[in-house]
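Convention: sequence-line order gives letters A, B, ...; per-chain numbering from 1.
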Protein chains: 4
Amino acid sequence: MSSTTAKSPDASRRSERSRKAILQASMELVGEVGYPKLTIEAIAARAGVGKQTIYRWWSSKAAVLLDAFTEVVHDENAEGSAGGLPDTGDIEADLKYVLRATADEFSDASFEAPYRALAVAAAADPELADQFVSRLREPGVRVYTERLRAGQEAGQIDPDLDLDLAVELLLGPFQQRWLNRTGPLTHEFTDGLVELAMRALAPRGAPR
Amino acid sequence: MSSTTAKSPDASRRSERSRKAILQASMELVGEVGYPKLTIEAIAARAGVGKQTIYRWWSSKAAVLLDAFTEVVHDENAEGSAGGLPDTGDIEADLKYVLRATADEFSDASFEAPYRALAVAAAADPELADQFVSRLREPGVRVYTERLRAGQEAGQIDPDLDLDLAVELLLGPFQQRWLNRTGPLTHEFTDGLVELAMRALAPRGAPR
Amino acid sequence: MSSTTAKSPDASRRSERSRKAILQASMELVGEVGYPKLTIEAIAARAGVGKQTIYRWWSSKAAVLLDAFTEVVHDENAEGSAGGLPDTGDIEADLKYVLRATADEFSDASFEAPYRALAVAAAADPELADQFVSRLREPGVRVYTERLRAGQEAGQIDPDLDLDLAVELLLGPFQQRWLNRTGPLTHEFTDGLVELAMRALAPRGAPR
Amino acid sequence: MSSTTAKSPDASRRSERSRKAILQASMELVGEVGYPKLTIEAIAARAGVGKQTIYRWWSSKAAVLLDAFTEVVHDENAEGSAGGLPDTGDIEADLKYVLRATADEFSDASFEAPYRALAVAAAADPELADQFVSRLREPGVRVYTERLRAGQEAGQIDPDLDLDLAVELLLGPFQQRWLNRTGPLTHEFTDGLVELAMRALAPRGAPR
DNA sequence: CGGTAAGCGAGACGGTACGTCTGGTCTTTGA
DNA sequence: TCAAAGACCAGACGTACCGTCTCGCTTACCG
């Protein structure tokens with residue numbers, strides 16, 4: 001996988017060994033010291049690599065981390081699952097199930113540290129935000145959009161809805177609570193959120 | 001207003017002149033160079049103040065900025081408005097009106113730069129997050145909670161709702177879109193958001 | 001004893017308690033941390049005194065130390081001895097005796113540290129050098145001049161000699177060796193120095 | 001010439017350009033502002049060099065200045081003269097000639113300022129004193145020792161003398177007067193000093 | 001004998017420099 | 001011939017002191 005944040009040199013000569021060492025070192029270090037104290041120098045030292053080798057291929061420590069995280073995510077997804085949301089026919093149950101899983105993932109420190117680091121860096125840096133959204137956030141969001149579309153076809157979701165807005169209604173509160181740490185990401189919370197959101201998403205004539 | 005992020009020295013001897021100069025310089029500079037390039041040295045230089053005077057009273061540049069921003073917000077609020085949301089009797093209209101105003105505020109660069117800086121810093125630093133939420137976010141959120149409670153009493157909002165969750169449903173998508181820059185904060189967006197959220201908040205038996 | 005390095009305030013109101021505490025603290029601290037790391041702040045803290053009280057009465061840390069040292073020297077001299085060199089009639093023996101004693105004094109750390117500090121500061125600062133020479137060095141040198149004058153009258157010293165130069169010949173090598181640490185100040189050294197110098201000071205026709 | 005005060009990095013990668021700029025800037029600045037007000041920051045700024053480059057290769061501003069001064073002295077010596085004292089056969093005349101020249105040198109401000117700075121720093125710091133004595137003082141002293149040895153062989157100096165002590169007798173008073181500023185370094189003084197010292201150094205049976 | 005003006009301990013202030021750390025660039029060297 | 005190693009310029013970090021200043025408070029003197 002080639003980096004979309006790369007600068008320009010001849011990628012064919014690139015050392016795969018160095019690339020991997022750098023990505024792995026970034027992930028380790030961000031977990032150990034946190035993003036603000038993560039330095040290019042430390043990454044280079046841990047990876048046994050010259051600083052220039054990092055500057056040659058990435059534009060910032062955020063770009064390194066984004067590549068590192070992307071690689072991990074892809075590896076995990078490749079391992080097995082189809083990636084889409086389950087479709088049992090009961091959309092509310094399906095959403096609850098997946099949002100619970102997402103909450104668990106966001107409570108796992110080894111996932112949380114680098115992901116939060118990237119989310120924060122992206123919030124501060126519009127250029128990085130593009131990358132972050134399109135490579136990490138979009139794929140995660142799309143499956144919700146698709147499940148909702150299936151729900152529309154099954155008559156469980158109002159057919160007139162703007163699905164993007166619908167997904168924002170569902171995930172915005174979740175992300176917000178996580179980013180601001182305004183409360184714990186419990187299953188009670190996610191279930192309640194799904195129930196409340198479904199009241200907005202259900203067809204208007206639906207039984208209540 | 002005394003800083004809750006202060007360290008410990010004898011506050012009675014504190015120079016008001018210096019305190020104000022520092023807060024003003026912070027606000028100016030964060031607008032000019034952005035939060036990541038904001039330095040204590042530059043604040044001190046701009047304010048005509050020794051660096052130690054900053055370190056004596058604040059623990060980080062984020063703490064300075066938080067005080068600076070808080071002061072601005074309080075000054076503005078003190079200038080006139082009662083601070084609460086309007087209550088015309090039509091809750092959806094009221095919410096649309098205020099969310100439009102909020103969107104406009106968040107589109108104003110002179111407000112956006114320091115506020116985003118703080119939001120980002122708070123997302124990365126739990127200690128700061130406490131301060132940020134309780135001093136800037138809470139007050140803004142509370143007025144929504146209160147308006148919704150009035151709506152409950154007026155029969156426009158489902159009386160069984162958890163109002164905190166209800167406010168999250170309304171503001172989460174807004175904040176998320178702003179932080180991630182996933183889309184523009186237009187009036188169309190805020191109106192649509194209010195309409196959709198109201199479908200979840202309205203009493204179950206309400207006419208649709 | 002009033003300080004000749006004082007600035008100008010009304011000395012009659014001066015706190016004797018503070019003055020003594022400052023001088024004592026200086027002497028202690030210069031022994032503990034050395035002259036370059038001796039700070040006014042530390043002296044004030046140790047003495048339980050405001051910094052301004054030091055700045056009010058002294059112009060520099062060297063001036064403080066000079067007063068402190070002068071006071072110690074005077075106290076010791078006042079304790080007993082007449083202060084002059086012994087005169088047994090044998091000038092070479094007398095000089096050897098006194099130079100041995102001087103060597104011992106300069107080998108005593110509690111004397112050496114502050115005295116060297118002053119000598120060094122004086123070498124760098126002409127203004128202080130005046131004070132240092134006239135208050136500490138001159139008195140010590142004068143006794144040699146007088147003993148040599150007595151030797152002239154007794155016919156043991158060449159009557160045509162410039163006595164100031166003669167004393168420089170005797171003490172210069174001693175001071176030089178001490179300041180530069182080019183060798184130890186042993187009794188062998190001082191005895192040899194006296195013997196050699198006496199060859200220059202003796203009357204030309206003297207038996208050899 | 002490699003610095004004996006260096007710390008430890010790989011000297012082969014050292015920038016000669018930076019090294020020279022630093023030494024030159026030190027010499028200029030010590031003349032302009034004096035040793036106590038000489039700062040590493042100012043040296044770095046004048047030399048167009050990062051501070052770290054100074055800290056990497058020297059342990060203190062005194063070490064920098066010592067290297068700078070050593071280099072100047074070596075350059076001058078390399079320019080021409082054999083470096084030894086003249087030997088006209090008349091040792092007293094030779095000594096007078098050289099001591100006059102030395103006095104003139106010590107009266108030259110551009111030489112005096114840095115040399116005094118080093119002498120003072122060395123007097124305060126034993127570690128630096130070693131360097132100072134062995135690199136600047138020793139070479140200057142040795143030529144006197146050698147000229148006196150020649151004088152011994154020529155029968156003008158007492159063959160039983162300890163030559164090191166003899167040189168101290170000659171130069172100690174000179175150095176002392178210079179360091180303490182107890183008098184001007186005139187030719188009258190140096191001539192008188194040589195004459196007096198020679199009375200001690202001449203063979204005992206010599207005609208007087 | 002009570003007011004007033006100094007010296008006092010305390011410590012905040014505007015500054016300068018410290019020595020360290022990291023960012024990003026440039027240069028040398030070994031595989 | 002490229003990448004590791006790391007020296008380089010630059011400049012912010014947070015700390016230590018500088019010398020000045022302002023606070024209340026004692027503590028003398030003087031009207």
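OP1 or OP2 of E:dG7 has not a single side-chain nitrogen or oxygen of C:Ser18 nearer than 4.0 Å.
No side-chain heavy atom of D:Gln24 sits less than 4.5 Å from a side-chain heavy atom of D:Glu71.
Between the C1' atom of F:dT27 and the CZ atom of C:Arg17 lies a distance of 13 Å, rounded to the nearest Å. The distance between atom NZ of D:Lys37 and atom C1' of E:dG15, rounded to the nearest whole Å, is 14 Å. Whole-Å rounding puts the A:Trp58 CH2 to E:dG23 C1' distance at 18 Å. One interatomic measurement links the two molecules: CZ of C:Arg56 to P of E:dG9, which rounds to 8 Å at whole-angstrom precision. Rounded to an integer number of Å, the gap from OH of C:Tyr55 to C1' of F:dT22 is 16 Å. Rounded to whole Å, the distance from CD1 on A:Ile54 to C1' on E:dT25 is 14 Å. The distance between atom CG of D:Leu29 and atom C1' of E:dA17, rounded to the nearest whole Å, is 14 Å.
Among A:Lys20, A:Arg135, A:Arg19, the single residue meeting the salt bridge (Lys or Arg N to Asp or Glu O under 4.0 Å) criterion with A:Asp67 is A:Arg135.
Side-chain N or O atoms of C:Arg116 include none that pairs as donor or acceptor with a backbone N or O of D:Ala124 at under 3.5 Å. B:Thr53 places no side-chain N or O within donor-acceptor distance of the main-chain N or O of B:Val49, the cut-off being under 3.5 Å. Under the 3.5 Å distance criterion, the side-chain polar atoms of A:Lys37 are left unmatched by any main-chain donor or acceptor of A:Val30. Between the side chain of B:Lys51 and the main chain of B:Ala44, no donor-acceptor pair closer than 3.5 Å is present.
A distance of 7.0 Å separates OG in B:Ser60 from CG in B:Asp125, rounded to the nearest 0.5 Å. Distance check: B:Trp58 CH2 to B:Ile40 CD1 gives 9.5 Å after rounding to the nearest 0.5 Å.
If you look at C:Phe132 and C:Tyr115, their ring centroids are closer than 6.0 Å.
Within a heavy-atom distance below 4.0 Å of DNA chain F, the residues of residues 38-53 of chain C found are C:Thr39, C:Ile40, C:Glu41, C:Lys51, C:Gln52.
Candidate nucleotides E:dG7, F:dC8, F:dA3 were compared by shortest atom distance to the side chain of C:Trp57, and E:dG7 ranks first.
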What do the steps show when you test A:Glu127 against A:Gln131 for side chain to side chain donor-acceptor pair (under 3.5 Å), and what is the final call?
CA-CA 7 Å; A:Glu127 207 165 332; A:Gln131 297 282 330; over 6 Å; no
Within the sub-3.5 Å range, which N or O atoms of nucleotides 29-31 of chain E have a protein N or O partner, and how far apart are they?
none

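For the helix from E:dC1-F:dG31 to E:dA31-F:dT1, the end axes, each set by the C1' atoms of five terminal pairs, are bent relative to each other by 10° (nearest 10°).
With D:Trp57 as the aromatic partner, D:Arg14 meets the cation-pi criteria of under 6.0 angstrom to the ring centre and within 45 degrees of the ring axis.
When the nearest nucleotides of DNA chain E are assigned to B:Glu16 and A:Ser60 by heavy-atom distance, the more 5′-ward of the two goes with B:Glu16.
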